[in-house]
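Step one of this worksheet: look at the structure below.
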Amino acid sequence: MLEHLSKYRIILASQSPRRRELLAGLGFPFEVHVLPDVSESFPDDLPVSQTAEYIAVEKAAAYRSLLKDNDLVITADTVVICGQQVLGKPHDADDACRMLRMLSGRTHQVITGVCIMTKSRQRRFSVSTDVTFKELSDDEISYYVNEYHPMDKAGAYGIQEWIGYIGVTQLNGSYFNVMGLPVQRIYEELRKNFF
């Protein structure tokens, strides 16, 4: 279905094993290449809904001077937004527990920003999914953090893990977006915009 992509060397610029797994599901070859020390900061006055896309574009910009004519790079960033607060990756177990207590019994948004770039073209977009958690007990939160160590996950949880099985009561939007990569939208963008 994406035969026209064969002219590109597709690069996923992410260390996330979940993103690698999800992109592989689209069925085209790619390689992983991650530059060290790419900033994930954003302006304080940036609307929270634009944070993930801003960071994804900044990540892509770090690759611009390295791209060859046939290179296509995909960058992404996922944030969890609870109220108007951006929850990134927790610093430690206490921070992870704090985040999960914030999410307990509430609906929050998971937004993944994506940038797809070649030397001559760039597409950028965000995908948002609403996720609702039941009221989580302190024991459930402690068990999850101690057993699953979600320090590499925005909002301190992976929906595909135990906490998602027992805690998520409602989902409105893309499940794969919550995992970290909105593959359906990426497929459409690659199908329509990169020839």
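Side chains included, hydrogens not; waters and symmetry mates left out as well; all remaining heavy atoms used.
Remark: R123 fails to qualify as a cation-pi partner of F194 under the 6.0 Å distance and 45° angle criteria applied to the six-membered ring.
Looking only at side-chain heavy atoms (C-beta outward), I10 and D71 stay at 4.5 Å or farther from each other. The shortest distance between side-chain heavy atoms of E31 and R9 falls below 4.5 Å. The shortest side-chain heavy-atom distance between W162 and E147 does not fall under the 4.5 Å cut-off. Under the 4.5 Å side-chain criterion, counting only non-hydrogen atoms from C-beta, Q50 is not in contact with S126. T129 places none of its side-chain heavy atoms less than 4.5 Å from the side chain of Q109. You'll find the side chain of D92 stays beyond 4.5 Å of the side chain of M151, heavy atoms only. L72 is listed as a side-chain neighbour of L190, based on a closest heavy-atom distance under 4.5 Å. In this structure, P43 and Y54 have side chains that are in contact, with non-hydrogen atoms separated by less than 4.5 Å.
Remark: the backbone N or O of A56 is not paired with any side-chain donor or acceptor of D77 at under 3.5 angstrom. Between the side chain of E140 and the backbone N or O of S137, at least one donor-acceptor pair lies under 3.5 Å. The backbone N or O of Q15 sits less than 3.5 Å from a side-chain atom of R20, completing a donor-acceptor pair. Using a distance-only test at 3.5 Å, with no hydrogens or angles considered, no donor-acceptor pair links the side chain of T75 to the main chain of K59. In this structure, the side chain of S142 engages the main chain of D138 through a donor-acceptor pair within 3.5 Å. Proximity of a side-chain donor or acceptor of K134 to a complementary backbone N or O of V168 within less than 3.5 Å is not detected.
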Could you tabulate the donor-acceptor pairs under 3.5 Å formed by side-chain atoms of residues 78-86, not counting sequence neighbours?
{"from": "T78", "atom 1": "OG1", "to": "R19", "atom 2": "NH2", "distance (Å)": "3.0"}
{"from": "T78", "atom 1": "OG1", "to": "T112", "atom 2": "OG1", "distance (Å)": "2.9"}

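Expressed to the nearest 0.5 Å, how far CG of L103 lies from OG1 of T132 amounts to 10.5 Å. For the atom pair CG (L181) and OG (S16), the distance works out to 8.0 Å, reported to the nearest 0.5 Å. Note that CG of L46 is 9.5 Å distant from CD of E53, once rounded to the nearest 0.5 Å. One distance of note links CD of E135 with OG of S104; it measures 4.5 Å at 0.5 Å rounding. A distance of 13.0 Å separates CZ of R124 from CD1 of I116, quoted to the nearest 0.5 Å. We find the CE-NZ distance between M179 and K153 to be 9.5 Å, quoted to the nearest 0.5 Å.
With P182 as reference, V127 is the one residue of V127, I111, V110, L22 to meet the side chain to side chain contact (heavy atoms under 4.5 Å, CB included) rule.
Cluster annotation: V48 and V114 are assigned to distinct hydrophobic clusters (Ile/Leu/Val/Met/Phe/Trp/Tyr, side-chain heavy-atom contacts under 4.5 Å, transitive). Under the 4.5 Å side-chain contact rule for hydrophobic residues, L35 and V57 do not share a cluster. If you chain together hydrophobic residues whose side chains sit under 4.5 Å apart, L171 and F133 fall into the same group. The hydrophobic clustering, which links ILVMFWY residues whose side-chain heavy atoms are closer than 4.5 Å, places V38 and I55 apart.
Relative ring orientation between Y148 and Y143 is described as perpendicular, the plane-to-plane angle rising above 60° on a 0-90° scale split at 30° and 60°.
A search for salt bridge (charged side-chain N to carboxylate O under 4.0 Å, His left out) contacts involving D44 returns nothing, not counting sequence neighbours.
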(message) salt bridge (charged side-chain N to carboxylate O under 4.0 Å, His left out) for R191 and E188? Distances and angles first, verdict last.
(response) CA-CA 5 Å; R191 187 175 67 87; E188 292 298 334; 2.7 Å; yes
(request) List the steps, then state whether side chain to side chain donor-acceptor pair (under 3.5 Å) holds for T107 with D130. (result) CA-CA 6 Å; T107 298; D130 292 336; over 6 Å; no
(message) Could you go through L67 and V73, starting from their C-alpha distance and side-chain angles, then the distance that decides it, and tell me whether this counts as side chain to side chain contact (heavy atoms under 4.5 Å, CB included)?
(response) CA-CA 8 Å; L67 292 180; V73 66; 4.2 Å; yes
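In this structure, the ring of H108 has its center less than 6.0 angstrom from the ring center of Y157.
More than 12 heavy-atom neighbours from other residues, nucleotides or ligands sit within 6.0 angstrom of OH on Y144.
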